[in-house]
Amino acid sequence: MRSSSNSRIHPKARRPRRHLPRAVGVGPTGGRAPKNIVVVGAQWGDEGKGKVIDVLTEQADILVRYQGGHNAGHTVNADGREFIFHLIPSGLLHHNKVGLIGNGVVIDPEAFLEELGRLAARGIDVRRAVKVSDQAHVIFPYHKRLDLLEESARPGRIGTTGRGIGPCYVDKVARSGIRVADLCDGETFAEKLRRNVTEKNRLLSTLYDEPPFSYEELLARYTGFAKRLAPHVVNGTRFLRQAMAKGKRLLFEGAQGTLLDIDHGTYPYVTSSNATAGGACTGAGVPPTAIDRVIGVVKAYTTRVGEGPFPTEFSVELMDTIRTKGKEFGATTGRPRRCGWFDAVLARHAVWVNGCDAIAVTKLDVLDEMETIQICVGYRDGTRTIREFPSDIGLLARARPIYESLPGWHAETGEVDRFEELAPQAQRYLKRLEALVEVPICLISTGSKREQAFKVGGW
Ligand code: IMP
């Protein structure tokens, strides 16, 4: 990780935070470092949050996942080794950090224990360091089966990861879900599981003509998981409250991205949780006043996995080029990601919804050889010009992007470690992004290696 001395990219963009003025807040240069930071995806997920979190972890003591489940995939390259995190906070690659899987997460105990084992086998001390909230909901095999069946029965596919995420959140909201605390309490668990298995079996046979799940088998298997999970289980809210009282610094790791948020994303082509910064409070049990900083992560272009409108999606040829150069294949499912130009309308919406203080721009190097680079600055619907991200999914599907064209920089950015060392056209591109999303850039990543990133402007 390298640090840039550049103090200003875009003076207008570097204005103080307006929407959440705080007495303890500090400017980007000087002053006390912010204590509790939320890192959130400001596009459709896969923005490179793992890398940004890895860089910011040096300023944190406790890493918190607050939503989603093992549908997420955060890739971190450290010391020449690649690690992919799904459920476990990715900042745990650093020594002496503690990770919490918050109440807003849905946890598949089998996937969790496997991930724990995989990381431990690679020398990462995760056993002692990983805590799980007793209020997190548990994913069962019937959730996964229903996810796949519902997906194939839907007239318009969502393209879910098939991990049972949506059906588990359905049970949570329907108030029939099983939480980690229930799982670890033998009697309660047996009773709740029986009720759930009976209901799901009825659903499976009547709606889908599918074979039933065995209650006894699930009870035995999950009782086994509960024993292995128990040493990690804590009251998440209390754990964080006590940590904050001792002055510990929290880093909240958003999974997925703003446009996959159940409320603020491109519904129904979204995941089933609040991936936005507000989700950090409800999904971890901390008050909004505890959050000092929100950093939005964007790629220098845009990608999405799964179905749904994508106004700036590339044509086939460019898609292949960028997908190959950017290694745009899902870290969880291996699916090829859809790629497109940077959409400033979408990113500005994300910056506002999350209250981002700054953005981190990743994968700048992927655009190094482009002749011309386009930025979407608005949409056209017939004769109408749209400057605000629409909530009407039909409109978004019809919308044609309005592009601004900038010349490419034809220079490698992978070895650059200061903003001023970037080619003038690369600087111009980044300044334009800043002006369009209306917050400063705090970090630029130019490759997958840990050291291929530099901070900007004293952040
Ligand atoms: P689900 O979260 O498995 O229900 O999938 C819902 C939508 O979110 C699908 O379009 C998935 O491709 C997308 N999705 C879920 N997790 C991720 C992620 O970590 N990165 C990118 N897309 C994701």
Side-chain angles (χ1 to χ4, degrees), residues 17-22 24-25 34-47 49 52-53 56 60 62-69 71-72 74 89 91 100-107 133 135-137 165-166 168-170 172-173 236-237 239-241 243-244 249-298 345-360 388-391 437-439 442:
R17 178 179 190 158
R18 280 174 310 164
H19 23 277
L20 190 57
R22 294 177 48 72
V24 296
K35 280 207 139 174
N36 304 324
I37 302 176
V38 180
V39 174
V40 71
Q43 291 162 324
W44 272 294
D46 306 316
E47 297 92 349
K49 292 181 289 295
V52 176
I53 288 159
L56 293 176
I62 299 178
L63 311 148
V64 188
R65 269 287 305 272
Y66 58 86
Q67 47 74 226
N71 48 352
H74 290 169
L100 173 72
I101 295 177
N103 57 275
V105 174
V106 286
I107 177 167
S133 164
Q135 291 172 293
H137 278 249
I165 308 295
C168 185
Y169 278 116
V170 167
K172 171 176 175 171
V173 175
T237 310
F239 177 75
L240 292 182
R241 180 161 37 86
M244 284 166 68
R249 301 156 303 171
L250 315 182
L251 181 62
F252 297 88
E253 298 190 5
Q256 289 83 47
T258 303
L259 277 300
L260 288 174
D261 181 281
I262 185 79
D263 288 290
H264 302 290
T266 47
Y267 190 90
Y269 302 99
V270 292
T271 192
S272 300
S273 60
N274 284 115
T276 40
C281 299
T282 52
V286 297
T289 45
I291 309 292
D292 297 312
R293 280 279 183 276
V294 180
I295 308 286
V297 185
V298 292
V345 183
L346 172 159
R348 193 167 50 236
H349 161 72
V351 161
W352 196 85
V353 167
N354 291 298
C356 294
D357 295 283
I359 54 166
E388 293 280 335
F389 195 73
S391 26
V437 304
E438 299 177 356
V439 286
C442 60

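What you are looking at is a predicted structure, and each value in this text was computed from that prediction instead of being measured. One is the number of the first residue; the rest follow in order along the sequence.
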Query - Beyond-backbone contact of Leu346 with Trp44, side-chain heavy atoms, under 4.5 angstrom - result: yes
Query raised in the report: How long is the gap from CD on Glu253 to CD1 on Ile101, to the nearest 0.5 Å?
Result: 10.0 Å
Query raised in the report: Would Met244 and Leu250 satisfy side chain to side chain contact (heavy atoms under 4.5 Å, CB included), going step by step from the backbone distance to the final call?
Result: CA-CA 8 Å; Met244 284 166 68; Leu250 315 182; 3.6 Å; yes
Requested in this report: State, with a plain yes or no, whether a side-chain heavy atom of Val64 is found less than 4.5 Å away from one of Phe239.
Outcome: no
Report summary line: When rounded to the nearest 0.5 Å, the distance separating OG1 of Thr271 from CD of Gln67 is 7.5 Å
Report task. Carefully, step by step, assess Val52 and Glu47 under the rule side chain to side chain contact (heavy atoms under 4.5 Å, CB included). Result -> CA-CA 9 Å; Val52 176; Glu47 297 92 349; over 6 Å; no
Query - Criterion side chain to side chain contact (heavy atoms under 4.5 Å, CB included) on His264 and Phe389, from CA distance to verdict - result: CA-CA 10 Å; His264 302 290; Phe389 195 73; over 6 Å; no
Report task. With rounding to the nearest 0.5 Å, note down the distance linking CD1 in Ile37 to CG in Leu56. Result -> 5.5 Å
Query - Contact summary for Gly102 and Ala136, nearest pair of heavy atoms - result: O-CB, 3.7 Å
Report task. Compare every heavy atom of Cys356 with every heavy atom of Val439, then report the nearest pair and how far apart it is. Result -> CG1-O, 3.3 Å
Query raised in the report: Does a side-chain heavy-atom distance below 4.5 Å link Phe252 with Ile291?
Result: yes
Query raised in the report: If you measure from CD on Glu438 to CZ on Arg348, what distance do you get to the nearest 0.5 Å?
Result: 5.5 Å
Query raised in the report: Taking all atoms of both residues into account, what is the closest heavy-atom pair of Leu251 and Ala60, and its distance?
Result: CB-CB, 3.7 Å
Report task. Given side-chain hydrogen bond (donor to acceptor under 3.5 Å, both in side chains), test Thr282 with Asn274 step by step and report yes or no. Result -> CA-CA 9 Å; Thr282 52; Asn274 284 115; 5.5 Å; no
Query - Spacing of Ser273 atom OG and His137 atom NE2 [to the nearest 0.5 Å] - result: 13.0 Å
Query raised in the report: Where do Asp357 and Arg293 come nearest, in terms of heavy atoms and distance?
Result: OD2-CA, 3.3 Å
Query - Inter-residue atom distance Ser133.OG - Arg65.CZ, 0.5 Å rounding - result: 13.0 Å
Query raised in the report: Are any non-hydrogen side-chain atoms of Asp292 and Lys35 less than 4.5 angstrom apart?
Result: yes
**Report entry** Nearest atoms (heavy-atom pairs only) where Asn354 meets Gly41
**Finding:** ND2-O, 4.4 Å
